[in-house]
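Each residue takes its place number in the sequence, starting with 1.
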Amino acid sequence: MKLRAASVAVFVLFTACSISADGDRKYVVLPRPAEFKGVPFSDGVLVGEVLYVGGHVGIDPKTGKAGITAEEDAQFALDSVKQTLEAAGMAMDDLVSVQIFCTSAADYAIFNSVYRKYFHGDYPARTFVQAGKILGESRFEVQGIAVRRTK
């Protein structure tokens with residue numbers, strides 16, 4: 001009987017936590033070029049003080065095309081991440097973890113030269129992975145997790 005009561009208590013607690021987490025979610029969706037309208041994802045999901053930043057590719061938001069150079073591509077991807085953070089009331093320095101997927105590891109130094117310009121101190125933990133082809137012919141896709149800093 002005690003096991004059954006404990007199981008019910010755990011179930012009720014889990015259900016209550018799940019409901020409160022759903023009510024605490026805020027979705028960030030940035031304006032998108034026509035060919036990306038209606039895609040089934042959010043640019044970010046804010047749960048409490050944590051923002052989960054979806055993958056952002058190096059696409060010019062005005063033309064819907066990848067950057068001409070690797071620098072431009074990296075800038076487009078990072079600008080999009082920055083816009084998502086700002087829409088949630090955060091900044092790049094709130095990022096605690098970043099994952100970068102690239103089409104060529106040869107662009108590592110180029111990406112780093114652009115990446116450094118977006119931070120004002122310590123850098124977030126980071127992963128840089130060479131992947132296959134990325135959506136929209138972009139060279140980079142960037143995603144991350146941010147935690148709102150306490151003032």
Colleague: What distance do Asp24 atom CG and Glu49 atom CD have between them, rounded to the nearest 0.5 Å?
Modeller: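 One gets 8.5 Å once the value is rounded to the nearest 0.5 Å.
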Colleague: Would you mind reporting whether Tyr108 and Cys102 have side-chain heavy atoms less than 4.5 Å apart?
Modeller: no
Colleague: Please name the pair of heavy atoms, one in Ala87 and one in Val28, separated by the smallest distance, quoted to 0.1 Å.
Modeller: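 That would be CB-CG1, 3.7 Å.
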Colleague: Using a 4.5 Å cut-off on heavy atoms from C-beta on, say whether the side chain of Gln75 contacts that of Tyr118.
Modeller: yes
Colleague: How close do Gly132 and Thr103 get, heavy atom to heavy atom, and via which atoms?
Modeller: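 Closest pair (atom of Gly132, atom of Thr103, distance): O-CG2, 3.5 Å.
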Colleague: Roughly how far apart are Glu71 CD and Lys117 NZ, rounded to 0.5 Å?
Modeller: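 Glu71 CD to Lys117 NZ: 8.5 Å, rounded to 0.5 Å.
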Colleague: Do Val129 and Gln99 have side chains that approach each other closer than 4.5 Å (heavy atoms only, starting at C-beta)?
Modeller: no
Colleague: Looking only at heavy atoms, which two atoms of Gly136 and Ala66 are closest? And how far apart?
Modeller: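 Answer, listing the atom of Gly136 first, then Ala66: O-CB, 3.6 Å.
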Colleague: State whether the side chain of Asp93 and the backbone N or O of Gly121 hold a donor-acceptor pair below 3.5 Å, judged by distance alone.
Modeller: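 Pair absent, no side-chain N/O of Asp93 close to backbone of Gly121.
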Colleague: Taking only Lys NZ, Arg NE, NH1 and NH2, and the carboxylate oxygens of Asp or Glu, determine whether Arg149 and Asp94 approach each other closer than 4.0 Å.
Modeller: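 Here Arg149 pairs with Asp94 in a salt bridge, since their nearest N and O are under 4.0 Å apart.
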Colleague: Compare all side-chain heavy atoms of Asp60 with those of Glu72 and state whether any distance is below 4.5 angstrom.
Modeller: no
Colleague: Are Leu78 and Met92 close enough that some pair of their side-chain heavy atoms sits under 4.5 Å apart?
Modeller: yes
Colleague: Test of understanding: clusters of I, L, V, M, F, W, Y form through side-chain heavy atoms closer than 4.5 Å, transitively. Do Val96 and Leu51 belong to the same one?
Modeller: no
Colleague: Would you say Phe111 and Val142 make side-chain contact, with heavy atoms under 4.5 Å?
Modeller: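 Contact flag for Phe111/Val142 side chains = yes.
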Colleague: Roughly how far, to the nearest 0.5 Å, is CD1 of Ile68 from CG of Asp73?
Modeller: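 One gets 10.5 Å once the value is rounded to the nearest 0.5 Å.
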Colleague: Using 0.5 Å steps for rounding, measure from the CD1 atom of Ile59 to the CD atom of Glu137.
Modeller: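 Answer rounded to 0.5 Å: 8.5 Å.
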Colleague: What closest approach, in Å, do Ser138 and Gly58 show between heavy atoms, and which atom pair accounts for it?
Modeller: OG-N, 2.7 Å
Colleague: Kindly say whether Ala77 contributes a backbone atom to a donor-acceptor pair with the side chain of Ser80 at under 3.5 angstrom?
Modeller: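 Answer holds: no.
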Colleague: Answer yes if Phe128 and Tyr115 sit in the same cluster of Ile, Leu, Val, Met, Phe, Trp and Tyr residues linked by side chain heavy atoms under 4.5 Å apart, and no otherwise.
Modeller: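 Yes, same cluster.
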Colleague: What is the distance from atom CD of Gln83 to atom CG of Asp43, rounded to the nearest 0.5 Å?
Modeller: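 Spacing of CD (Gln83) from CG (Asp43) equals 9.0 Å.
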Colleague: If you define the side chain from C-beta out and look only at heavy atoms, does anything of Phe101 sit under 4.5 Å from Thr127?
Modeller: no
Colleague: Can you name the closest pair of heavy atoms from Tyr27 and Ser42 and give their distance?
Modeller: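 Smallest interatomic distance, heavy atoms only, reads CD2-OG, 3.5 Å.
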Colleague: Side-chain contact, heavy-atom cut-off 4.5 Å: Tyr123 with Val98?
Modeller: no
Colleague: Please say yes or no: joined through hydrophobic side-chain contacts below 4.5 Å, possibly via intermediate residues, are Val81 and Leu46 part of one cluster?
Modeller: yes
Colleague: Say whether Leu85 and Phe119 are linked into one hydrophobic cluster, either directly or through other cluster members, by side-chain heavy-atom distances under 4.5 angstrom.
Modeller: yes
Colleague: Got a second to check how far Asn112's CG is from Ile100's CD1, nearest 0.5 Å?
Modeller: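 Nearest 0.5 Å value for the CG-CD1 distance: 7.5 Å.
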Colleague: Side-chain heavy atoms nearer than 4.5 Å, only ILVMFWY residues, links allowed to pass through others: does that put Leu95 and Phe76 together?
Modeller: no
